[in-house]
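Heads up, the thing below is written out as structure tokens.
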Amino acid sequence: MVYIIALLSVIFLGLAALVVSRMAAVVKNVNGPVDEERIGLSNRINGALFLIFLVFGLVGVVWSFAHASNYFLPEASSPHGRRTDFLFWLSMGIITVAFFITNALLFVFSFRYQYRPGRKASYYPENHKLELIWTVIPAIVMALLVFTGWRAWRDIMSEAPADAQVVELVGKQFNWIARYPGVDDNKLGAYNYKLIDNNNDTGIDFSDPASFDDFTSTTELHIPVNKPVLLKIRARDVLHSVFIPHMRVKMDAVPGMPTRFWFIADKTTDQMRNELGNQDFGYEIACTEVCGRGHFSMRIRLIVEDEESWKKWCAEQKPLLTSYPEYASRIPENLKAKAAKYLPAVETATPSDSTTASTQQGGGVSVATTSLR
Amino acid sequence: MATVAQNTATLAHVEEHEHHEPHSFWRKYIFSEDHKTIAKQYLISGIFWSVVGISLSVMFRLQLGFPDMKLSFLRPILGSWIDETGKLDPDFYLALVTMHGTIMVFFVLTAGLSGTFSNFLIPLQVGARDMASGFLNMLSYWFFFLASVVMFVSLFFETGPAAGGWVVYPPLSALPQAHKGSEAGMTYWLVSMALFIVSQLLGGINYITTVINLRTRGMSFSKLPLTVWAFFLTAVLGLISFPVLLSAALLLIFDRSFGTSFYLSEIFIGGEALPNVGGSPILFQHLFWFLGHPEVYIVLLPALGMTSEIIATNARKPIFGYRAMIASMMGIAFLAFIVWAHHMFVTGMNPFLGSIFMFLTLIIAVPSAVKAFNYITTLWRGNIRFTPAMLFSIGLVSFFISGGLTGLILGNSALDIQLHDTYFVVAHFHLVMGAASAFGLLAGVYHWFPKMFGRMMNDKLGYIHFWLTFIGIYLVFFPMHYIGIAGFPRRYYAFTSYDFTKHIFSDMNSFISVAAIFTFAAQWIFVWNFVYSIFKGRKAPQNPWKSNTLEWTAPINPGHGNWPGEIPAVYRWPYDYSKPGAKDDFIPQNVPYSQTPESNLPHENELIPLEKEIEAQNLNDQFKQPH
Ligand code: HEM
Ligand SMILES: [Cu+2]
Ligand SMILES: [Cu+2]
């Protein structure tokens, strides 16, 4: 590729030199007599150039595609992704055919019907039959594509299966935070953005017992293979967008409006490593909605593993309440007993809680009703 | 900016040696109410902005193509945006991308293209003395000028210009604490856009009124050149959609400055929870794209209209399917309003809505396809003269097809999940909108230059300019499809953070950058040719392209009022090229059928008795109305 760049640069430079040298000559003629032969030679050259452009263009397209396709993403690791991959390449096939035909006609006609002295163009202002044909054919092809695409879309966007594993993914400048529903109740607790602070970075509301066992991770998102996973997505500050390229998953993270996307990962990270022959391979999650300075590096790793290792990993994670027992002060009296399990054996006195005390009255109520569509 | 105005003045000086009432220098060249002068003001401003806009893109292409390059040599221009190690600041990268998009879409391809050619061609082609209101027209330009100044100034702020992408989605754009690009730069962006919208509305009202009210005798809508049809529909689109952008911008201003919560809800930023609840960032996106999608056609339709004219003239053939062309433009104009949410498939919008918008979006592809086929058929069995304008028009058709086809993939919501906000989208819209419209603009300049300045541009330089640009643009944007298919997200400062982008395509990115710089360099041939020809170009004949439309019946340097005597009447459509039986291969619109018995079609002979009526028609001549 370096050579190609070098080669092209040389060609460009050559052309530029040509331009400059011609410029001088051309400029001299500028005020000369009107050149009646203008239509003669230059016209033939331009006509021929269209043909040459067509040939080189076609070769270039085919060659560059073959070259670039080495680096396309591998086949999707999710069933819905394979379905859209298929539709993508199907559509791509159809538009490629249209691309070649129409561009070829355009350039060939340009060449073929260039000016000849004495010839007269045909007066051919319309042909209703022809026009009807080329309105209807694209319409039919389009209808076909739309219909297949629509069915895929409908299925992808359908409600997640009831047994889907729920994980919450929260975007902030500039990283993702995964929140798990916890191993004991497997239920995400309520949250409230006003409860966010340095340690409680997703704003977990500990007045909801479901949140006692919730744990978070900012470096890795682990999910089980072959099991529907429902990502509940939200954003803390500005728009972000969850993008899992190998899963063909993308969904915006919107402050104030939780979104969701469910999918099944059916190849573990290890399987992919073997399949690609690359022991360093790892799934990744990126951000695709501009969110500021660090937008280009909002990475979190995605690890797909079999259910057993996944459960094991989950069990190893400490609930947030365990890591920061001071939040116990927010637990209502009647639930304290239930929470004891997650707290160090002897509960200490309530630590100071100044950062959130003031905000709590306002937000606490709306939390439980923050529901997903 | 002062120099720009200065230029305009000197340029315009070449023409108009006789005029009705003597005007002062200021009234004649600066605060002129003459549509031709205003058109030139728009054109020069557009060229100025395109140089700025493309220069910005060259800077960020350097960063993308050569991430390790020391950019210290840009220090004199960018100052502290280049750090000690010669690296570009990521915040400023976003500012560059944002300003590039804003400038190219609004200031170059909307104001520079529509502003120039709607102004210049509508009165000349419909046979009017001037725009319906010269004063509003002048006001329109000066609002645009003001918007330009505000936007230009914002480039030099210490915190930089706006930087949230040209779509300025809140909350990022609403919260100054979210990044530098949301501070003063964003305020100026909004003010500038508000002024710009006012300018567009004033212009649009004028275009529409002129087309409806000031057509000359005999110029029915079914005899209007496709250019005028395109300008007319464009103005309608703008008039309906720009106010929506204005309201979006106003609400954003309220959110930024007055503590409202239209777009803000449940935000924790900079260590504190904001009080705003109940707003929706998605609302902004709906409002923005309600303008945004029509806007892409506001940019493209005038280019398509001019191309129709140029292709017919230079293929020496009637445009194929004149009525179908009008119908498809109307179809596009209508459908353009009901497809906006295809930019929002993965925002969390109700999937059912997504389905609806997918269907509507793919319907719009049908009239687009019809137009492409009609262009190709117009070439078929023509007798083509490759003037530079013709070359650029053929190039436009190629870009329109190549870029439009990928729209079919993006319009399919299931496929858009993966491709949204990747380089695939960048490739799509740069080909179909950016390159195609830019080619329309260039084609228009080459074609109507003789009418604007009374001189010819140099053909040979035009050919060279075309081929270098045509090849260059394909080299820049075609590879972006591949990068997009590989999943590369757009608006990334660098691709080093992810395994899936880390070690691949860096040579492709360098290649694209080299091609971009090369293409930019080639544009100086045009600039040189343009400036040189204004002063030293070969003197133009009255009708250099042997064209049918009315502007070529006006004097070589049309004065105030365009035609010295009566405005010509119109008897036929604009596309009587190579009519069987006719002695020339063109018959201008102002030639009555009674003078061309040898070439008349049967139904046209029946129109001869009506010519008297046309001539007797009440003339919409502004000069004959009490001032
Ligand atoms: C054949 C008809 C077309 C279809 C079906 C189509 C479809 C689409 C879709 C679905 C998107 C959104 C992609 C995404 O963000 O994921 C898009 C983006 C875009 N299209 Fe088209 N398009 C068509 C023609 C055009 C034309 C004619 C223009 C301009 C004149 C245009 C300009 C744009 C622009 C500017 C964007 C990107 C805006 C942005 O995100 O910054 N498209 N197109
Ligand atoms: Cu981001
Ligand atoms: Cu659109």
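Below, chain A is the first sequence line, B the second, and so on; all start at residue 1.
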message: Given heavy-atom pairs under 4.5 angstrom as the criterion, report whether the side chain, backbone, both or neither of His80(A) touches chain B.
response: neither
- request: Measure distances from Phe500(B) to the heavy atoms of chain A and classify the residue's part below 4.5 Å as side chain, backbone, both or neither.
  value: both
task: With a 4.5 angstrom heavy-atom cut-off, could you sort out which part of Thr377(B) is near chain A: side chain, backbone, both or neither?
output: side chain
- prompt: Relative to the ring of Tyr482(B), is the ring of Phe65(A) parallel (under 30°), tilted (30 to 60°) or perpendicular (over 60°)?
  reply: perpendicular
- prompt: Would you call Asp499(B) and Arg299(A) a salt bridge, taking side-chain N to carboxylate O under 4.0 Å as the test?
  reply: yes
field: Portion of Ser328(B) that has a non-hydrogen atom of chain A nearer than 4.5 angstrom
entry: neither
task: Give, as side chain, backbone, both or neither, the part of Leu175(B) having an atom under 4.5 angstrom from any heavy atom of chain A.
output: side chain
task: Please state whether the side chain, the backbone, both or neither of Ala315(B) comes within less than 4.5 Å of a heavy atom of chain A.
output: backbone
message: Can you confirm whether the side chains of Asp252(A) and Thr347(B) place a donor and an acceptor under 3.5 Å from each other?
response: no
statement: Hits for side chain to side chain donor-acceptor pair (under 3.5 Å) against Tyr322(B), two or more places apart or cross-chain, chain-then-number order -> none
query: Do the ring planes of Phe466(B) and Phe50(A) sit parallel (below 30°), tilted (30 to 60°) or perpendicular (above 60°)?
result: tilted
- request: Applying salt bridge (Lys or Arg N to Asp or Glu O under 4.0 Å), name anything that partners Asp576(B), two or more places apart in sequence or on another chain.
  value: Arg572(B), Lys579(B)
- prompt: How many angstroms lie between atom CE of Met92(A) and atom CD1 of Ile409(B), to the nearest 0.5 angstrom?
  reply: 5.0 Å
Proximity breakdown for Ile101(A) and chain B, heavy-atom pairs closer than 4.5 Å: neither
- prompt: Do Tyr493(B) and His295(A) have ring centres separated by under 6.0 Å?
  reply: no
- line: In terms of heavy-atom pairs under 4.5 Å with chain B, the winner among Ala152(A), Cys291(A), Ala235(A) is Cys291(A)
- prompt: Does the side chain of Asn412(B) pick up a donor-acceptor pair with the side chain of Trp150(A) at under 3.5 Å?
  reply: no
- prompt: Under 6.0 Å between ring centres, would you say that holds for Phe505(B) and Tyr71(A)?
  reply: yes
message: Can you give me the closest heavy-atom contact between Pro90(B) and Phe296(A), atom names plus distance?
response: CB-CE2, 4.4 Å
